[in-house]
Amino acid sequence: MSPLFPALAAGSTRPALHFGDQALSHAELATVAGALAARIAGAPRVAVWATPTLGTAVGVVAALLAGVPVVPVNPKTGERELTHIVTDSSPALVLAERGVELPPILAALERLDTDVTGVMGEAGPAVPLPAEPSPEDPALIVYTSGTTGPPKGVVLPRRAVTATLDALEDAWQWTEADVLVHALPLFHVHGLILGILGPLRRGGSVRHLGRFSTEGVARELSTGATMLFGVPTMYHRIAEALADDPALAKALTGARLLVSGSAALPVHDHERIAAATGRRVIERYGMTETLMNTSVRADGEPRAGTVGVPLAGVELRLVDEAGAGITTYDGDTVGEIQVRGANLFTEYLNRPDATGAAFDDGWFRTGDMAIRDPDGYVRIVGRKATDLIKSGGYKIGAGEIENVLLEHPGVREAAVTGEPDEDLGERIVAWIVPAQADAPPSAEELAAHVGAQLASHKRPRTVRYLDALPRNDMGKIMKRALRG
Ligand code: MCA
Ligand code: AMP
């Protein structure tokens, strides 16, 4: 297999990574990540404390060069979730920026700094890069929520990463001349694999904003950046800002490609952006387990409300409730999306049961429901599981939050739902039966309680109090009856 990062191996002096005023060329990255790789080589697995910083990108690239599977960790993860991830993936080492204080479970591991200060400005690999591992070797283990229980570690082999990034090269005409701008977190597929490894594999560059702002997007797109990646919440905030911000409109108009993913971008936001800029945002559809499945092509017809067509190398079918394949595309018949291809994960770490259940005769069941237009464009219309919430582009399992809420002494019963939210797509709502009706725990207290155990984006934004939860004859909570 060709190396994951040909431009690193070639020692290209073109820019690679920009985070604020810190930047590295491909050659400099080869030097710093190559040196770190030599220290990591042989470890069974490493964790990376995935702050939105240059050090995180360097640490991940170093692990990939060393052929050591890397577990990106959300630095805003609470105690229970972090303990689960570290126990489940058992990293031998942790990579973090110098000076960052780590929680005890990670501080107990051997630590390597991802500091780059000494090497900026140096060219050429100081140490020979290790030989390319086998395509089936695990590259990353990315944790993702399910409907119940703790998050599962999705084992992504190297060939899935190269297959997806090369299919996107084709779909988006993505080249080394592209300069990507984004502000996505670096512990998920979107921000890390597409947003950092993508530009590095193409020999192009990425400018990371650290934190999303429409000002940052406008600044970078008007000073040489060519592409923007974002979740719908970011495009919604852009759509809101456009009316009063001609500089933002001009910057977007000049971009080569505006790409949205991780959740559906509402047609209203598509239309507002098109009206103000003359540019169409294109959507692509993926999943942690499958990486990217479909996209509107750069040379195709943009169509709001669709996620385009299957990418090169991805087989996609719709399956009806009876398990039969839907063979005619009438723009009307709904089925579950199932996919097959080199872009897929190998397994859920330590979860053969869940891995087995995820496949139907070799096809991965996505749980996403869709229809296809007569020309094959895919329109996602919903999800099989009501207990999965997509908020700000993050996938969040209701069960995980309910379990934590139930441990609060002031909570007798708890149910968590997602409610439509203009900004976040869905907002987490907790329905609480207090232990003492006259002294219910406050919304702030419950949000803090969840935030201490789980990732900060899993905190309920709204809390509603009830005397009892609606249940059916079997005692099961009827979530569909819970509406604000
Ligand atoms: C949240 N906050 C709260 C509460 N909930 N504070 C108190 N009580 C609560 N109940 C905090 C937030 O954590 C944040 O804190 C602060 O409030 C400000 O919130 P806001 O401005 O609304 O911003 P945000 O909600 O934190 O961020 C919006 C965002 C973010 C920037 C769009 O949701 C985001 O980065 N989303 C990207 C998700 C993503 O990458 N998904 C990809 C996975 P603080 O400031 O301290 O943080 S999907 C994937 O990878 C697949 C393959 C795919 O298809 O892409
Ligand atoms: P995650 O497991 O966090 O990787 O999220 C994957 C899920 O995000 C998919 O199963 C879809 O439900 C959703 N998703 C990703 N991209 C899109 C999109 N463009 N439109 C609608 N849903 C999307």
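Note that the numbering runs from 1 along the sequence shown for the chain. As the structure is a computational prediction, the values presented were derived from the model and not from experiment. First listed ligand is number 1; within each ligand, the first listed atom is number 1.
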Using distance alone, decide if ligand 1 has a nitrogen or oxygen within less than 3.5 Å of any nitrogen or oxygen in Arg459. yes
Ligand 1 atoms nearer than 4.0 angstrom to some heavy atom of Met287 are 52 (C)
Are there more than 12 heavy atoms of other residues, nucleotides or ligands under 6.0 Å from atom CD of Glu79? no
Pairwise ring pair (Phe, Tyr, Trp, His ring centres under 6.0 Å) hits with a residue in residues 381-425, at least two apart: His188-Tyr394, Tyr394-His457, His408-His449
Taking only heavy atoms of the protein into account, state which residues are under 4.0 angstrom from an atom of ligand 2, in chain and number order. Thr144, Ser262, Ala263, Ala264, Glu283, Arg284, Tyr285, Gly286, Met287, Thr288, Val307, Asp368, Ile380, Lys390, Lys395
Can you name the side-chain hydrogen bond (donor to acceptor under 3.5 Å, both in side chains) partners of Arg80, sequence neighbours left out? Glu407
Residue Gly286 vicinity, atoms of ligand 1 by number, heavy atom under 4.0 Å: 54 (O)
Atom indices of ligand 1, in the order listed, that fall short of 4.0 Å to a heavy atom of Thr288: 52 (C)
Atom indices of ligand 1 within 4.0 angstrom of Thr233 heavy atoms, with elements: 32 (C)
Just checking, any donor-acceptor pair under 3.5 angstrom between side chains of Ser262 and Lys395? no
Whether the side chain of Tyr465 engages the backbone of Pro441 through a donor-acceptor N/O pair (distance < 3.5 Å, no angle test) should be reported. yes
Nearest non-hydrogen contact to atom 25 (O) of ligand 1 from the set His190, Arg461, Arg427 belongs to Arg461
re atom 31 (C) of ligand 1, the protein heavy-atom contact at minimum distance is Met234 CE, 4.0 Å
Close N or O approach (Gly393, ligand 1; < 3.5 Å): yes
Please confirm whether the backbone N or O of Arg256 pairs with a side-chain atom of Arg279, one donor and one acceptor, at under 3.5 Å? yes
Within the distance-only criterion (no hydrogens, no angle test), does the side chain of Asp178 pair as donor or acceptor with the backbone N or O of Gly204 below 3.5 angstrom? no
OG1-OH distance between Thr306 and Tyr377, expressed to the nearest 0.5 angstrom: 6.0 Å
Nearest non-hydrogen protein atom to atom 54 (O) of ligand 1, with distance, is Arg284 NH1, 3.0 Å
Is it true that Lys390 and Asp421 have a side-chain N and a carboxylate O under 4.0 angstrom from each other? no
Between the side chain of Glu402 and the main-chain N/O of Val416, is any donor-acceptor distance below 3.5 Å? yes
Arg317 and Gln338 side chains, donor-acceptor separation under 3.5 Å: yes
Under the 3.5 angstrom rule, does the side chain of Thr56 hit a backbone N or O of Pro52 as a donor-acceptor pair? no
Per-atom contacts, ligand 1 versus Met292 - under 4.0 Å to a heavy atom: 52 (C)
Which segment of Val189 sits under 4.0 Å of ligand 1 when only heavy atoms are counted: both
Among Arg211, His457, Arg237, Lys76, closest by any non-hydrogen atom to atom 23 (O) of ligand 1: Arg237
Per-residue contact class, Lys390 against ligand 1 - non-hydrogen pairs under 4.0 Å: side chain
Protein contact for atom 18 (C) of ligand 1 (heavy atom, distance under 4.0 Å): no
Closest to atom 51 (C) of ligand 1 (judged by heavy-atom distance), picking from Ser262, Ser213, Gly425: Ser262
Check the orientation of Phe345 and Phe359. Use parallel for under 30°, tilted for 30 to 60°, and perpendicular for over 60°. parallel
What protein heavy atom lies closest to atom 8 (N) of ligand 1? Include the residue and the distance to one decimal. Ala447 CB, 4.1 Å
Only heavy atoms count here, so choose which of Gly195, Pro185, Gly230 is nearest to atom 35 (O) of ligand 1. Pro185
Which residue supplies the protein heavy atom nearest to atom 38 (C) of ligand 1, what is that atom called, and how far is it? Gly392 O, 3.4 Å
Contacts of type salt bridge (charged side-chain N to carboxylate O under 4.0 Å, His left out), residue Asp88, not counting sequence neighbours: none
Given that the side chain starts at C-beta and the backbone is N, CA, C, O, which of these parts of Pro460 lies under 4.0 Å from ligand 1, counting heavy atoms, or is it both or neither? backbone
Does some non-hydrogen atom of the protein lie less than 4.0 angstrom from atom 46 (O) of ligand 1? yes
Which protein non-hydrogen atom lies closest to atom 34 (C) of ligand 1, naming both residue and atom, and how far is it? Tyr394 CE1, 3.7 Å
Under 30°, 30 to 60°, or over 60°: which ring-plane class applies to His208 and Phe19, parallel, tilted or perpendicular? parallel
Tell me whether the centres of the aromatic rings in Trp172 and Phe229 are closer together than 6.0 Å. yes
Indicate yes or no for a side-chain donor-acceptor contact from Glu81 to the backbone of Ala455 under 3.5 Å, with no hydrogens or angles considered. yes
Tell me which part of Glu444 gets within contact of ligand 1: side chain, backbone, both or neither, using heavy atoms under 4.0 Å. neither
Heavy-atom distance from atom 29 (C) of ligand 1 to the protein below 4.0 Å? no
